[in-house]
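Below is one structure, written out as structure tokens; the observations come after it.
We count ligands from 1, going down the list as the structure has it; atoms in each ligand are counted the same way. Side chains included, hydrogens not; waters and symmetry mates left out as well; all remaining heavy atoms used.
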Amino acid sequence: MEFTVLTIFPDMFQALLGHGIIRKAISLKKINVTILNIRDFAPGPHRVTDDTPYGGGCGMVMKPEPLASAIREAKHRACGSKTILLTPQGRVFTQDIARSLLTFDGLILVCGRYEGVDERIRSDFVDFEISIGDYVLTGGELAAMVIIDAVTRLIPGTLGGADSAGKDSFSDYLIEHAHYTKPRTFEGQSVPEMLLSGHHQEIEKWRLESSLIRTFLKRKDLLERRALSRQEIDILKKWRFELENIIHSQSVRSPDTLSGSQ
Ligand code: 4HQ
């Protein structure tokens, strides 16, 4: 995958490119990342990339000419790339979008600053608009890094384990089961006995149960979107049965609580 980033703050990307899985993906040539400084495409001695908005108002707008030149250069270097503008107006980034971006040979990520880019860039030079969430950043750089990070780890051979990416939260509308490592007891809390048993099939069942209940408690919206297997339905029914027993025993013990104002 060929990433080309257009930014006026190229140094921000050293944080992403110099560490961990992304650094490894670059050295393994799974990805290539080119950072183009938009300022290098601005004419004149001052290399100005922004200007005041027509119609007045506060803030500055990114001038169209340097952005257009930078995007043309990026397309020339990595032909077949799709151009993405990072903006709160875009489609909200999800694991499904990360997977779909993986199908392109290259991505040109346009990072705006100030109030954003001139509208004519949006309409004539951009294929997709993506937002990383409903909040306002000071620029598109962090959003571009989020996309590079999420897409890169989906490339086969980039993560440690054989199919580590397949087991992730969201890849299948289920959040991850609880994880434990040594020591066996930490500040009075012990690792669940089941995980020490060595019964791999039982451990897998425990993990599925852990994932399902955690998803139900923390992200009901995800669980509703999942196509549940027979085994998963049985696990959820077992929990429902146990909860019904507790509720039933309470109502036998103190019928008052059920006829009260709540
Ligand atoms: N931006 N997801 C760049 C964002 C944003 C987001 C605000 C983008 C400022 C100039 N980008 N403009 N949320 O908040 O991608």
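- Those atoms of ligand 1 that come under 4.0 Å of a heavy atom in G112, given as number and element, are 3 (C), 10 (C).
- The protein non-hydrogen atom at the shortest distance from atom 1 (N) of ligand 1 is P88 CD, 3.6 Å.
- The number of heavy atoms from other shown groups lying within 6.0 Å of CZ (R120) does not exceed 12.
- Proximity to G133 (heavy-atom distance under 4.0 Å) selects the following atoms of ligand 1: 13 (N).
- No side-chain donor-acceptor contact under 3.5 Å links T185 to the backbone of G188.
- Under 4.0 Å from ligand 1, heavy atoms of S131 appear from its side chain as well as its backbone.
- The residue among L137, V136, L86 with a heavy atom at the shortest distance from atom 6 (C) of ligand 1 is L137.
- Numbered from 1 in the order shown, with element, the atoms of ligand 1 that lie under 4.0 Å from a heavy atom of Y114 read 10 (C).
- Residue-ligand proximity, Y135 to ligand 1, at heavy-atom distances under 4.0 Å covers atoms 13 (N), 14 (O).
- Under the 6.0 Å distance and 45° angle rule, K220 counts as a cation-pi partner of F216.
- F3 pairs in a side chain to side chain contact (heavy atoms under 4.5 Å, CB included) with only one of the listed residues (I26, L17, V151, I35), which is V151.
- For ligand 1, the atoms sitting less than 4.0 Å from at least one non-hydrogen atom of A143 are 11 (N), 15 (O), numbered in the order shown with element in parentheses.
- Ion pair R207/E176 not flagged as a salt bridge, since none of the NZ, NE, NH1 or NH2 atoms sits closer than 4.0 Å to an Asp/Glu carboxylate oxygen.
- Counting non-hydrogen atoms of other residues, nucleotides and ligands closer than 6.0 Å to NZ of K238 gives a total above 12.
- In the displayed structure, E242 atom CD is contacted under 6.0 Å by more than 12 heavy atoms of other residues, nucleotides or ligands.
- Contact annotation for D134 and ligand 1: no heavy atom of the residue comes within less than 4.0 Å of the ligand.
- With salt bridges taken as basic N to acidic carboxylate O contacts below 4.0 Å, none links E129 and R91.
- Looking only at heavy atoms of the protein, atom 2 (N) of ligand 1 is closest to I132 N, 2.9 Å.
- Near G140, with a cut-off below 4.0 Å to any heavy atom, the atoms of ligand 1 are 3 (C).
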